[in-house]
Amino acid sequence: YTSTSYTPTDFYTVDPTLQSIGGKKFIQIKINPLIYKASTQQVRTATKIILDLGLDGSAWAAPAPATDLAASPSAVQGTLRMRYAQTGMYQLTHTDLVAAGVEGFLSGADTTTFRVYVRGVETPLSITTANGSFASGDSIRFFLPFEPSIDDTENEAVLSKVALNGSSGAPLRMAHIDGNPGALAASTEAGTFTKVVLEQDQMYLNDIPLGSDGVDHFYWSRVTQDQGAGLQGSATFSTTVDLPYLIPNATDPVTIYLTVRGRGGITVNPTHHVGILLNNVPFVVAEKTFSTQTPTKLMFTVFANFFAAGINTISVRALGDRVPAGETDIIDIDKIEINYRSQLLTSNDSLEFFSYRPNTAVSVDGFSTAGFQIYDVTEPSDVLIVDNAQVALNNGVFSGTIGTNTGSDGDRGFRFFATGSGSYLLPTAFRLGRGYPNALKSTSNGADLILVGPRSLLDAADDLITQRESEGLR
């Protein structure tokens, strides 16, 4: 009871000798969920154990991917697959990876080799490191554009230490540009454009698909109105939408895009009439007619003063006055997109903003500290760090002013992200790239029989594989 060490000394032990049972090899691992120090009567418990096993050398040693695998970053072994659900500036620290249990192949790695791929295209990084070997205190920052899909609510980016998908040259890093506004005149643009998209997949219709991918058959709701009848309850669909920092006196109107599909009745192609209502306004503020039965995107323009900064109620109504007598105006609603002018104010120390007045000074307000950074993300595959923003403090709130430099060929200075030091996003999930022995599309493949199934069930096919190989199949 005088021992100052814990017993056992570790939460687990791994037997270096493989065990043979039924002709198969197993690794023997002994788990000790509790360890005890008698001298102080202290007990330590293990709530989570992450163990990296290497059957032939280091658990994280992997050769460079074969050429036929390198074309698909998500399929390559020795990579980190990152899931994310929104557009923004992301930060990944060594501590984040340790917490997720996926730091193994990156710990101590040369940060000059790091690359990130989004939909197969390399995106530049900004890396903070003490000595060039990825370790505690180091971080990686990058921009991830999000594209919604009917198949998945998230997108994926891949972090790799080798070039993939035909990349050549040195790994991409964010360049710096001078954002000092100097004597530039203040922009005359009212705030910035903000887009809000409302969509819910609540109604499946197995007919003409939405979009170009041919797989989306989900709509949100349906509105119907009989010709010649009074206003019916089924004629109106309403939902609420938050429009933060909307500028109600902006000269630019609010633009509403409504994706719909009209349905025919007795008349094959009736003329549909749809109206937009807002908040407590007692009349239709915008309307459109259309006669196609394929999915259609309608555009409405509405004065900004019909809206409020904050929560609004928007309604879509089938007016039913253009279909023939005895017919019903039937309109299926897919989604609503609203584009409006908003103030240049951050939310949670972060803001995406646009500037369409070249070579002017633009100010962003609402930062909690002076430690913010502004990025030019006009070209997502060539993100730039905007330096030398003029920082001001007013009533306990910080603001930053930059010059919107369009560059020598005019392809810069239109889309920006401003992010406070504590407001970088973190991917929603991590997964190590497991890789594959061979790509199915490889020209070197010559199998006569391919077995497809869950990994947990394929072992049951061992006897079948042995039999078929004895018969000469590959």
Side-chain angles (χ1 to χ4, degrees), residues 87-91 123-128 139 141-145 172-195 243-252 304 309 339-425:
T87 296
M89 293 301 306
Y90 284 75
Q91 177 175 271
T123 189
L125 310 178
S126 173
I127 300 178
T128 300
S139 64
R141 291 175 177 175
F142 43 90
F143 175 71
L144 295 180
L172 297 183
R173 298 294 180 259
M174 294 183 194
H176 292 254
I177 58 171
D178 185 7
N180 190 333
L184 291 176
S187 174
T188 58
E189 194 172 357
T192 184
F193 273 114
T194 300
K195 179 171 72 173
L243 304 178
Y245 306 130
L246 176 137
I247 303 174
N249 60 351
T251 55
D252 289 316
N339 294 270
Y340 67 99
R341 286 278 181 182
S342 66
Q343 300 179 63
L344 285 165
L345 292 173
T346 67
S347 176
N348 297 320
D349 265 6
S350 182
L351 177 68
E352 178 185 18
F353 64 98
F354 299 82
S355 174
Y356 296 103
R357 304 288 191 272
N359 300 312
T360 58
V362 176
S363 297
V364 179
D365 206 348
F367 293 104
S368 60
T369 71
F372 59 84
Q373 181 62 61
I374 298 177
Y375 299 87
D376 186 332
V377 297
T378 305
E379 177 49 64
S381 62
D382 189 15
V383 176
L384 304 172
I385 299 173
V386 181
D387 293 327
N388 303 320
Q390 287 185 354
V391 180
L393 176 63
N394 296 295
N395 300 319
V397 178
F398 291 88
S399 65
T401 303
I402 61 169
T404 58
N405 186 345
T406 61
S408 59
D409 53 0
D411 63 347
R412 301 292 182 194
F414 298 104
R415 184 187 182 191
F416 298 89
F417 250 96
T419 305
S421 57
S423 296
Y424 288 87
L425 300 173

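Numbers here are sequence positions counted from 1. These numbers come from the heavy atoms of this one structure, side chains and all, not from hydrogens, waters or symmetry mates.
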Does a side-chain heavy-atom distance below 4.5 Å link Thr194 with Asn339? no
Of the non-hydrogen atoms in Ser350 and Thr419, which two are nearest, and what is the gap between them? OG-OG1, 4.2 Å
Smallest separation among heavy atoms of Leu125 and Phe142, with atom names: CD2-CB, 3.7 Å
Side chains of Pro380 and Phe143 in contact at under 4.5 Å (non-hydrogen atoms): yes
State, to 0.1 Å, how close Gly191 and Arg341 come at their nearest heavy-atom pair, and which atoms those are. O-NH1, 3.7 Å
Between Ser381 and Thr123, is any pair of side-chain heavy atoms under 4.5 Å apart? no
Is there a side-chain contact between Thr404 and Ser355, using heavy atoms and a 4.5 Å cut-off? yes
Quick one: are Leu351 and Val364 in side-chain contact, heavy atoms under 4.5 Å? yes
To the nearest 0.5 Å, what is the distance between CD on Glu189 and OG1 on Thr360? 7.5 Å
If we only count heavy atoms from C-beta on, is the Asp365 to Leu344 side-chain gap below 4.5 Å? no
Would you call Glu379 and Arg415 a salt bridge, using N to O less than 4.0 angstrom? no
Under the side-chain contact (heavy atoms from CB on, under 4.5 Å) test, which residues partner Leu425, sequence neighbours left out? Gln86, Tyr90
So, using side-chain contact (heavy atoms from CB on, under 4.5 Å) as the criterion, who are the partners of Tyr375 when residues are at least two apart? Met89, Arg141, Met174, Gln373, Val377, Val383, Ile385, Tyr424
Result for ring pair (Phe, Tyr, Trp, His ring centres under 6.0 Å) between Phe353 and one of Tyr245, Phe417, Phe416 points to Phe416
Give a yes-or-no answer on whether the side chains of Asn348 and Ser423 include a donor-acceptor pair shorter than 3.5 Å. no
Contacts satisfying side chain to side chain donor-acceptor pair (under 3.5 Å) that involve residues 392-403 (not counting sequence neighbours) are Ser363-Thr401
Minimal heavy-atom distance between Ser368 and Asp349, with the atoms involved, is OG-OD2, 2.6 Å
Starting from the C-alpha separation in whole Å, work towards a yes-or-no answer on side-chain contact (heavy atoms from CB on, under 4.5 Å) for His176 and Leu384. CA-CA 6 Å; His176 292 254; Leu384 304 172; over 6 Å; no
Between Leu246 and Ser342, is there a side-chain heavy-atom distance shorter than 4.5 Å? no
Tell me whether the centres of the aromatic rings in Phe367 and Phe372 are closer together than 6.0 Å. yes
Atom of Pro181, atom of Gln390 and distance for their closest heavy-atom approach: CG-CD, 3.5 Å
Which heavy atom of Val386 sits nearest a heavy atom of Asp376, and at what distance? CG2-N, 3.7 Å
Are any non-hydrogen side-chain atoms of Arg357 and Thr188 less than 4.5 angstrom apart? yes
